[in-house]
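See structure below.
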Amino acid sequence: MAIVLGYQPHIHRNGILNFSVTYHNQQNDKHNLIIAAIAPVMSIMVGILLPNGQNLLLLKLFCLSNIFNLLPVTSDGEVILLSMINMIRKRRNENKP
């Protein structure tokens with residue numbers, strides 16, 4: 001999503017199976033919200049759309065467990081919360097006479 005929004009993300013390898021993606025933050029709260037929320041939301045949607053069955057149960061569980069990434073105790077959840085707070089503050093400041 002960062003590429004779609006015009007950012008230039010860089011993928012870094014941190015260990016054997018651990019990767020991180022970094023990009024220059026342009027201080028756009030809407031973009032930060034979208035970038036942080038898209039992966040957990042899409043994973044949850046895949047988990048919801050997967051048919052029920054014994055063979056797919058574990059995959060469905062892993063997809064649905066991404067709901068925890070939306071909580072503010074995770075890095076994605078923290079970015080989502082801060083972006084929403086900043087957007088609300090900006091909207092309130094715009095509406096003040």
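In this chain, numbering begins with 1 at the start of the sequence shown.
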Quiz prompt | Within 6.0 Å of CD1 in Ile11, more than 12 heavy atoms from elsewhere | solution = no
Quiz item: Is the number of heavy atoms from other residues, nucleotides or ligands under 6.0 Å of Ile3 CD1 greater than 12?
Solution: no
Practice problem: Check for a donor-acceptor pair, side chain of Arg13 on one end and backbone N or O of Gly15 on the other, with a separation under 3.5 Å. | Solution: yes
Practice problem: Mind checking the CG-CG spacing from Leu81 to Asp76? Nearest 0.5 Å is all I need. | Solution: 12.5 Å
Quiz item: More than 12 heavy atoms of other residues, nucleotides or ligands under 6.0 Å from NE2 of His24: is that the case?
Solution: no
Self-check item: Ile67 atom CD1: more than 12 heavy-atom contacts under 6.0 Å
Solution: no
Practice problem: Report the residue from Leu50, Val46, Leu64 that forms a side chain to side chain contact (heavy atoms under 4.5 Å, CB included) with Leu59. | Solution: Leu50
Exercise. Taking all non-hydrogen atoms of both residues into account, name the closest pair between His12 and Thr22 and its distance.
Key: NE2-OG1, 2.9 Å
Quiz item: Just checking, is any N or O donor in the side chain of Ser20 or Asn14 under 3.5 Å from an acceptor N or O on the other one?
Solution: yes
Quiz item: Closest approach of Pro9 and Ala2, non-hydrogen atoms and distance?
Solution: CG-CB, 4.1 Å
Quiz prompt | Separation of Leu71 CG from Glu78 CD (nearest 0.5 Å) | solution = 12.5 Å
Quiz item: Hey, is CE on Met84 packed in by over 12 heavy atoms from elsewhere, all under 6.0 Å?
Solution: no
Quiz item: Roughly how far, to the nearest 0.5 Å, is CZ of Arg89 from CG of Asp29?
Solution: 10.5 Å
Self-check item: Heavy-atom pair with the smallest gap, counting every atom of Ser83 and Asn32
Solution: OG-CB, 3.5 Å
Quiz item: Of all heavy-atom pairs between Gln27 and Lys90, which one has the smallest distance, and what is that distance?
Solution: O-NZ, 4.5 Å
Quiz item: When you look at CD of Gln8, are more than 12 heavy atoms from neighbouring residues, nucleotides or ligands closer to it than 6.0 Å?
Solution: no
Self-check item: Approximate separation, where rounding is to 0.5 Å, of Asn25 CG and Asn28 CG
Solution: 8.5 Å
